[in-house]
Amino acid sequence: DVIQSYRDSIVHPHRQVLIDKTCEFSPGKILEIGCNCGPNLYLLAQHLPTAQLYGIDVNPMAIEIGSQWFSESGINNISLNVGKADDLGQFPDNSFDVVFTDALLIFVGPDKIEKVIEEMFRVARKGLLLTEWHIFEHEHHAKNSLGIRQHGMWKRDYTALLKKYSSPERVTITKITEDIWPDMNWQTAGAFIQVFKKLRPERNQAV
């Protein structure tokens, strides 16, 4: 089924890049929004065994299956709960070092995207990592920060969208390549978007 298929995708090559970029924040406490059954959190637990890892998803069955998976695997530093991206009221301000998404915001429409970003910034202390569809410069004629619908999903100019919440020098956008995600849509629009709430000493933006 869909949940099992998502769990089996734990070997997808983009996940290792996601893990590496999450670790750049030197996090001790992490939240994934839209975690499904938690393969990203499973991998993070291997890299950061002392970190506190949290995940939320709207699908109660995915949360149940993920929680059982972690229990059977002897992983005790991951907590999964049912929750929505635009309502993180269960978490206090600055309660996580880093908050990340993995192909979640492509399903969030223009009516909710700003609320989702606001909530993510509210609960994140060090920053955000978004693995989403970005509108790059070669598509400047199509730029729309709130979203353009394509193939039933949303891509955005995150440079423009994030200006409301962070200065451009704190945003790093790295294009996803074929070896990381062998899918034409992700090769065209896929990006890892890191947002640092404090400017790093050294910054290298690759677009």
Side-chain angles (χ1 to χ4, degrees), residues 1-10 12-15 17-18 21-22 30-44 54-66 80-91 96 98-124 128-136 139 142-162 164-165 171 173-176 180-195:
D1 61 14
V2 175
I3 298 173
Q4 183 61 47
S5 176
Y6 194 77
R7 174 175 164 173
D8 292 343
S9 74
I10 193 170
H12 195 284
H14 88 280
R15 298 197 190 280
V17 182
L18 186 154
K21 290 188 175 296
T22 300
I30 301 170
L31 171 66
E32 179 178 10
I33 302 176
C35 64
N36 197 285
C37 61
N40 290 323
L41 296 170
Y42 183 98
L43 293 173
L44 277 168
Y54 294 79
I56 63 168
D57 198 275
V58 296
N59 187 338
M61 184 171 293
I63 295 299
E64 180 180 348
I65 291 174
L80 301 184
N81 290 283
V82 177
K84 296 182 178 180
D86 61 342
D87 182 8
L88 303 180
Q90 60 184 300
F91 305 118
F96 300 97
V98 58
V99 178
F100 75 93
T101 65
D102 182 13
L104 169 75
L105 303 183
I106 56 175
F107 299 108
V108 176
D111 58 325
K112 290 187 176 182
I113 187 60
E114 290 184 305
K115 177 62 175 176
V116 171
I117 296 295
E118 287 173 4
E119 280 288 270
M120 292 178 71
F121 266 96
R122 181 184 65 79
V123 302
L128 314 179
L129 173 62
L130 315 176
T131 308
E132 304 293 345
W133 284 5
H134 175 66
I135 298 173
F136 290 93
E139 297 182 285
K143 281 190 175 290
N144 184 328
S145 64
L146 294 183
I148 295 173
R149 195 164 177 81
Q150 181 177 326
H151 307 300
M153 290 169 278
W154 296 92
K155 65 178 180 177
R156 299 180 166 89
D157 176 6
Y158 280 95
T159 305
L161 176 60
L162 293 168
K164 182 177 178 181
Y165 312 95
V171 178
I173 299 176
T174 305
K175 196 175 192 306
I176 288 177
I180 296 173
W181 205 312
D183 172 273
M184 185 58 66
N185 289 323
W186 281 94
Q187 292 171 40
T188 301
F192 296 103
I193 303 149
Q194 289 170 293
V195 187

For Q4 and D8, test the side chains for any donor-to-acceptor distance below 3.5 angstrom and give the result as yes or no.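 Yes.
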Are [X] and [Y] close enough that some pair of their side-chain heavy atoms sits under 4.5 Å apart?
{"X": "T159", "Y": "V171", "value": "no"}
{"X": "W154", "Y": "V108", "value": "no"}
{"X": "T131", "Y": "H14", "value": "yes"}
{"X": "L128", "Y": "F121", "value": "yes"}
{"X": "R15", "Y": "S9", "value": "yes"}
{"X": "F192", "Y": "I176", "value": "yes"}

For F96, is the NZ or CZ atom of R122 found under 6.0 angstrom from the centre of its six-membered ring and inside 45 degrees of the ring axis?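 No.
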Using 0.5 Å steps for rounding, measure from the [atom1] atom of [X] to the [atom2] atom of [Y].
{"X": "L161", "Y": "E114", "atom1": "CG", "atom2": "CD", "answer": "6.5 Å"}
{"X": "E118", "Y": "Y165", "atom1": "CD", "atom2": "OH", "answer": "4.0 Å"}
{"X": "F107", "Y": "L105", "atom1": "CZ", "atom2": "CG", "answer": "10.5 Å"}
{"X": "F100", "Y": "L44", "atom1": "CZ", "atom2": "CG", "answer": "5.0 Å"}
{"X": "H12", "Y": "I180", "atom1": "NE2", "atom2": "CD1", "answer": "10.0 Å"}
{"X": "Q194", "Y": "T174", "atom1": "CD", "atom2": "OG1", "answer": "6.0 Å"}

With no hydrogens and no angle check, is any side-chain donor or acceptor of [X] less than 3.5 Å from a backbone partner on [Y]?
{"X": "R7", "Y": "I65", "result": "no"}
{"X": "R156", "Y": "L146", "result": "yes"}
{"X": "S5", "Y": "D1", "result": "no"}
{"X": "K175", "Y": "Q187", "result": "yes"}

How far apart are the closest heavy atoms of W133 and Q150, and which atoms are they?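 Answer, listing the atom of W133 first, then Q150: CZ3-O, 3.6 Å.
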Search all heavy atoms of E32 against all heavy atoms of N40 and return the closest pair with its distance.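 Closest heavy-atom pair between E32 and N40: OE2-ND2, 3.0 Å.
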Would T101 and E132 count as a side-chain hydrogen bond (donor to acceptor under 3.5 Å, both in side chains) if you check the C-alpha gap in whole Å, the side-chain angles of each, and the deciding distance to 0.1 Å? CA-CA 8 Å; T101 65; E132 304 293 345; 2.7 Å; yes
Suppose we screen for side-chain contact (heavy atoms from CB on, under 4.5 Å). Which residues come up paired with A191, at least two apart in sequence or across chains?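 Checked A191 against side-chain contact (heavy atoms from CB on, under 4.5 Å); matches are H134, F136, I173, I193.
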Stepwise, does the side chain to side chain contact (heavy atoms under 4.5 Å, CB included) test hold for K155 with R149? CA-CA 7 Å; K155 65 178 180 177; R149 195 164 177 81; over 6 Å; no
For the residue pair W181 and W186, does the interplanar ring angle fall in the parallel (under 30°), tilted (30 to 60°) or perpendicular (over 60°) class?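 Rings of W181 and W186: parallel, under 30°.
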If you look only at distance, which donor and acceptor atoms sit under 3.5 Å apart when one is on a side chain in residues 56-64 and the other is two or more places apart or in another chain?
from : atom 1 : to  : atom 2 : distance (Å)
D57  : OD1    : N59 : N      : 2.9
D57  : OD2    : C35 : N      : 3.4
D57  : OD2    : N36 : N      : 2.8
N59  : OD1    : M61 : N      : 2.9
N59  : OD1    : A62 : N      : 3.4

Does K21 have more than 12 heavy atoms from other residues, nucleotides or ligands lying within 6.0 Å of its NZ?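 It does: K21 NZ has more than 12 such atoms within range.
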Which of these, I33, D86, L88, sits in a side chain to side chain contact (heavy atoms under 4.5 Å, CB included) with E119?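 Of the listed residues I33, D86, L88, the side chain to side chain contact (heavy atoms under 4.5 Å, CB included) partner of E119 is L88.
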